[in-house]
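Reviewing the structure listed below.
This is a predicted model, so every value here is computed, not measured.
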Amino acid sequence: MYRLLADEPFRSRVDWDKAFVFWGDERCVLPDDEGSNYRQAQDLLLSHVPVLEKNILRIKGEREPAEASVDYAQILKRFAAPGLGWPRFDLVLLGMGEDGHTASLFPGSQVEANSPTLAVTAGYQDRPANRVTLTPLVLNSARNILFLVTGENKASALKEVLSGTYRPELFPAQRIRPTDGKVVWLVDEAAGSKLPLVE
């Protein structure tokens, strides 16, 4: 998707000088580390489009998780929508892991968050354990949420998230239920192979 946005015809359809880019989560690594979400976005999209540097608001993953979390909460507060302590995003792009996690909200993590960001310590497929994530408070206030889910290894979790019993402690993606917005799931055939058919 980032590659498509960075190329024509889509690149010229976005008013990039009005775009603000935030992160839903980040690994606590240096910004030039291959595991950095910032670096991946920079390499695939941001370095190819005329978005203003001051409008790129990354999580400072080079800091300790607690410090980076507090710092990002303060950044979010600077852009807060009326009545909120954070911006009301026009679009949130999320993925989902094979365990049903989204952003860095993992199974067993705190379900009821009372802050916009959290410091997270979790191990997932040999990736860095220390992360910062936005919480459902922020994500669920968005106008539009787009989930991109691919791969057969996610089919069982996707079935539970979309049509199973509501168990947000086991399947954190179930926590994404916007209060005044909509969710769209873009799922490939492999990831959707266990979903019930709708006639």
Side-chain angles (χ1 to χ4, degrees), residues 1-2 20-46 55-79 84-142 144-151 154 157-158 161 168-178 181 183 185-186:
M1 189 190 78
Y2 287 170
F20 287 78
V21 183
F22 295 80
W23 269 257
D25 72 328
E26 181 59 278
R27 299 176 182 101
C28 288
V29 295
L30 294 172
D32 60 353
D33 188 282
E34 288 186 5
S36 165
N37 288 337
Y38 165 77
R39 178 181 171 177
Q40 293 170 23
Q42 186 71 17
D43 288 352
L44 293 172
L45 174 63
L46 300 176
N55 293 356
I56 298 173
L57 299 141
R58 71 178 182 90
I59 297 171
K60 294 181 178 71
E62 64 272 24
R63 297 183 176 178
E64 290 298 314
E67 181 185 354
S69 176
V70 169
D71 176 74
Y72 209 57
Q74 290 302 312
I75 290 172
L76 294 176
K77 194 170 187 178
R78 288 191 353 235
F79 295 88
L84 298 175
W86 52 85
R88 183 170 186 222
F89 293 118
D90 294 310
L91 175 65
V92 170
L93 174 64
L94 293 172
M96 189 196 77
E98 59 190 62
D99 60 355
H101 88 268
T102 191
S104 284
L105 302 167
F106 291 94
S109 63
Q110 178 182 345
V111 174
E112 296 297 329
N114 57 11
S115 62
T117 61
L118 286 176
V120 176
T121 300
Y124 183 70
Q125 295 181 336
D126 301 321
R127 295 179 187 168
N130 295 318
R131 303 183 183 199
V132 174
T133 188
L134 299 187
T135 66
L137 284 175
V138 177
L139 300 173
N140 286 330
S141 67
N144 297 281
I145 298 173
L146 177 63
F147 271 95
L148 299 178
V149 185
T150 62
K154 299 178 182 178
L158 185 64
V161 168
E169 68 286 350
L170 292 179
F171 299 102
Q174 289 182 331
R175 301 175 197 175
I176 307 306
R177 297 176 158 196
V183 179
W185 290 81
L186 296 182

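Among residues two or more places apart in sequence or in another chain, the side-chain hydrogen bond (donor to acceptor under 3.5 Å, both in side chains) test is passed with Gln110 by none. Applying the side-chain contact (heavy atoms from CB on, under 4.5 Å) criterion to Pro136, with sequence neighbours excluded, gives Leu105, Asn140, Arg175. Applying the salt bridge (charged side-chain N to carboxylate O under 4.0 Å, His left out) rule to Arg177 yields no partners; only residues at least two apart in sequence or on another chain are considered. With sequence neighbours excluded, the residues satisfying salt bridge (charged side-chain N to carboxylate O under 4.0 Å, His left out) with Arg39 are Asp43. For Tyr72, there are no ring-ring contact (aromatic ring centres under 6.0 Å, His included) partners at least two apart in sequence or on another chain. Shown here are the salt bridge (charged side-chain N to carboxylate O under 4.0 Å, His left out) partners of Glu62, two or more places apart in sequence or in another chain: Arg58.
Counting heavy atoms from C-beta on, the side chains of Val132 and Leu118 never come closer than 4.5 Å. A 4.5 Å side-chain heavy-atom check between Leu94 and Ile145 finds at least one atom pair inside the cut-off. Under the 4.5 Å side-chain criterion, counting only non-hydrogen atoms from C-beta, Phe89 is in contact with Val138. Proximity of Ser141 to Pro178: side-chain heavy atoms (C-beta onward) are nowhere separated by under 4.5 Å. Taking 4.5 Å as the limit, some side-chain heavy atom of Pro87 sits within range of a side-chain heavy atom of Leu76. Taking 4.5 Å as the limit, some side-chain heavy atom of Glu26 sits within range of a side-chain heavy atom of Ser36. Looking at Ser109 and Val120, their side chains never come closer than 4.5 Å, going by heavy atoms from C-beta outward. Phe106 is listed as a side-chain neighbour of Asp99, based on a closest heavy-atom distance under 4.5 Å.
Proximity of the aromatic rings of Trp86 and Phe79 is defined here by a centroid distance below 6.0 angstrom, and this criterion is not met.
Residues Ala173 and Trp185 come closest through the heavy atom pair CB-CH2, 4.5 Å. The two atoms that bring Leu146 and Met1 nearest to each other are CD2-SD, 4.4 Å, heavy atoms only. Scanning all heavy atoms of the two residues, the minimum distance from Gly97 to Ala157 falls at O-CB, 4.3 Å. In terms of heavy atoms, Ala103 sits closest to Gly24 at CB-O, 4.1 Å. The shortest heavy-atom contact between Leu45 and Tyr2 is CD1-O, 3.7 Å. Nearest heavy-atom pair, Ile59 versus Ala68, reported as atom, atom and distance to 0.1 Å: CG2-CB, 4.5 Å.
Judged by distance alone, with hydrogens and angles left aside, the side-chain atoms of Lys154 form no donor-acceptor pair with the main-chain N or O of Val149 at under 3.5 Å. Remark: side-chain polar atoms of Thr102 are not paired, donor with acceptor, to backbone N or O of Met96 under 3.5 angstrom.
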Give the intermediate values and the outcome of side chain to side chain contact (heavy atoms under 4.5 Å, CB included) for residues Leu134 and Trp23. CA-CA 8 Å; Leu134 299 187; Trp23 269 257; over 6 Å; no

Does the side chain to side chain contact (heavy atoms under 4.5 Å, CB included) test come out yes or no for Lys60 and Ile75, once each step is laid out? CA-CA 11 Å; Lys60 294 181 178 71; Ile75 290 172; 3.9 Å; yes

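Atom CD of Glu64 sits about 7.5 Å away from atom SG of Cys28, to the nearest 0.5 Å.
Side chain to side chain, Asp25 and Ser104 meet the donor-acceptor criterion of an N or O pair below 3.5 Å. Side-chain contact annotation: Arg27 with Asn130, donor-acceptor N/O pair under 3.5 Å absent.
Within a 6.0 Å radius of CD in Gln40, more than 12 heavy atoms belonging to other residues, nucleotides or ligands are found.
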